[in-house]
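Have a look at the structure below, then the notes.
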Amino acid sequence: MNLNLDGRSVLITGGSGGIGSVIAEQFAHEGADVTIAARGQQALDRTAAEIASRTGRNVRVALMDVTDAESIRAAVESVLAATGRLDAVVNSAVDVVGGAPGAPSELEASALGSALDVKVLGALRVIQAVTPPMRAMGYGRVIAIGGASSRQAGTTSAGVRNSALTALCKNIADELGPNGITVNVIHPGGVLTARNRARVESERERGGGSFDEAEARLAASVPLRRMIHPEDIAPLALFLASPAAAAITGQTIAVDGGSTRAITY
């Protein structure tokens, strides 16, 4: 299936690593004009060079702090100046420290506030910045990376921020739909990030076997018997960013290997 992403201008926040960088690379493979944004210049430059080496396509970088509306405005203007358009934005920025697990009674309000400022208010600031050029085009795709923690208890900070993000995006989808702009959320399950790789390695050393076998033990409650890999999330992000997903908006779609036990409609 041709997703018609060739030449599309895409901005990815939190693009210097993790899920964001994998999504950026897949967009580049599809021929999109990719800009990755994050707070660290060195990490951005390193990721852009790695993606370029594997895809043969140049990737632009933009310094951006999603808690700073002015830096967001400057980043968006740099994309428009370079490409003349902005077709899609993927909000992947997250405050990992602020989202650390813990009992609700022990959670520091400042930590929760930081997590919300980055993931929820940060997404709002980015969407507000990209809405004018998308409205002018009569076309736009907004995708937010949430988390399956919003659908079950157990991780207070992550659950609160991802629930809030979902509610925000649903309301924005209603507003922007008449302008040809869709807004959707992807809820990953437990992702095999660098931090979780360390957990798997510890389990492998403790229980023996291969890395995959150790991963399966840690993911025993997941129907697929493995964690979610960033590469599992990217195809859905690309589809939602494409013209083919024109009728999908205001939706929250899980990529969790079936780990969410609640029945959602």
Side-chain angles (χ1 to χ4, degrees), residues 1 12 14-30 36 38 43 46-47 49-51 53-55 90 92-104 106-107 115 119 143-163 165-166 185-240 252-264:
M1 180 179 183
I12 301 169
S16 63
I19 294 172
S21 65
V22 173
I23 291 175
E25 182 167 336
Q26 292 306 308
F27 269 112
H29 274 300
E30 291 293 320
I36 56 174
R46 180 178 63 252
T47 300
E50 291 171 351
I51 294 174
S53 70
R54 289 191 289 264
T55 66
V90 180
S92 187
V94 62
D95 181 351
V96 176
V97 176
E106 300 172 352
L107 181 65
K119 192 153 196 179
I143 300 147
I145 306 300
S149 55
S150 67
R151 291 180 169 174
Q152 54 199 5
T155 309
T156 306
S157 178
V160 168
R161 72 175 186 244
N162 290 319
S163 298
L165 179 68
T166 302
V185 179
I186 298 174
H187 275 344
V191 181
L192 191 62
T193 57
R195 181 171 55 179
N196 281 330
R197 278 190 174 277
R199 288 181 55 217
V200 175
E201 287 292 354
S202 295
E203 171 61 25
R204 185 181 63 79
E205 293 174 3
R206 186 193 65 81
S210 67
F211 183 93
D212 290 346
E213 289 169 337
E215 181 183 347
R217 291 196 297 271
L218 288 179
S221 63
V222 179
L224 293 184
R225 297 301 189 270
R226 67 170 177 84
M227 294 179 179
I228 301 306
H229 299 184
E231 292 78 8
D232 296 319
I233 301 162
L236 178 57
L238 268 61
F239 173 69
L240 292 174
T252 303
I253 306 171
V255 181
D256 65 357
S259 61
T260 302
R261 306 314 299 159
I263 298 174
T264 57

For residues Ile12 and Gly20, report the shortest heavy-atom separation together with the two atoms involved. CG2-O, 3.7 Å
Check side chain to side chain contact (heavy atoms under 4.5 Å, CB included) between Ala254 and all other residues, then give those that pass, not counting sequence neighbours. Arg151, His187, Asp256
I'd like to know whether Leu192 forms a side-chain contact (heavy atoms from CB on, under 4.5 Å) with Ile228, so could you lay out the CA-CA distance, the side-chain angles of the two residues, the decisive distance to 0.1 Å, and finally the verdict. CA-CA 6 Å; Leu192 191 62; Ile228 301 306; over 6 Å; no
Please give me the minimum heavy-atom distance between Ile143 and Ala237, naming the atom from each residue. CD1-O, 3.4 Å
Residues two or more places apart in sequence or in another chain: which of them pass side chain to side chain contact (heavy atoms under 4.5 Å, CB included) with Val22? Pro230, Glu231, Ala234
Determine the minimum heavy-atom distance between Phe211 and Arg204, stating which atoms define it. N-CD, 3.7 Å
Can you name the residues that form a side chain to side chain contact (heavy atoms under 4.5 Å, CB included) with Gln152, not counting sequence neighbours? Thr260
Ser16: what forms a side chain to side chain contact (heavy atoms under 4.5 Å, CB included) with it, not counting sequence neighbours? Ala38, Ala43, Leu44, Thr47
Taking the side chain as every heavy atom from C-beta outward, state whether Val191 and Ile233 have any pair of such atoms under 4.5 Å apart. yes
All salt bridge (charged side-chain N to carboxylate O under 4.0 Å, His left out) counterparts of Arg261, not counting sequence neighbours: none
Do Glu215 and His229 have side chains that get closer than 4.5 Å, going by heavy atoms? yes
Taking side chain as C-beta onward, heavy atoms only, is Ile36 less than 4.5 Å from Ser21? no
Could you check Asn162 against Lys119 for side-chain contact (heavy atoms from CB on, under 4.5 Å), going step by step and ending with a plain yes or no? CA-CA 8 Å; Asn162 290 319; Lys119 192 153 196 179; 2.9 Å; yes
Do Glu50 and Arg46 have side chains that get closer than 4.5 Å, going by heavy atoms? yes
Is any side-chain heavy atom of Ile186 closer than 4.5 Å to a side-chain heavy atom of Leu240? yes
Which heavy atom of Met227 sits nearest to which heavy atom of Asp232, and what is that distance? O-OD2, 4.4 Å
Applying salt bridge (charged side-chain N to carboxylate O under 4.0 Å, His left out), name anything that partners Arg199, two or more places apart in sequence or on another chain. none
Would Asp212 and Arg217 pass as an ion pair if we require N to O under 4.0 Å? no
Can any side-chain N or O of Glu213 pair as donor or acceptor with the backbone N or O of Ser210 at less than 3.5 Å? yes
For a side-chain contact (heavy atoms from CB on, under 4.5 Å) check, start with the C-alpha distance between His29 and Glu25, then their side-chain angles and the critical distance, and finish with the verdict. CA-CA 6 Å; His29 274 300; Glu25 182 167 336; 3.8 Å; yes
Run the side-chain contact (heavy atoms from CB on, under 4.5 Å) check on Ile145 and Val185 step by step: do they pass? CA-CA 6 Å; Ile145 306 300; Val185 179; over 6 Å; no
Here the gap from Ser149 atom OG to Arg161 atom CZ, rounded to the nearest 0.5 Å, amounts to 6.5 Å
Taking every non-hydrogen atom, the tightest pair across Pro223 and Gly257: CD-O, 3.3 Å
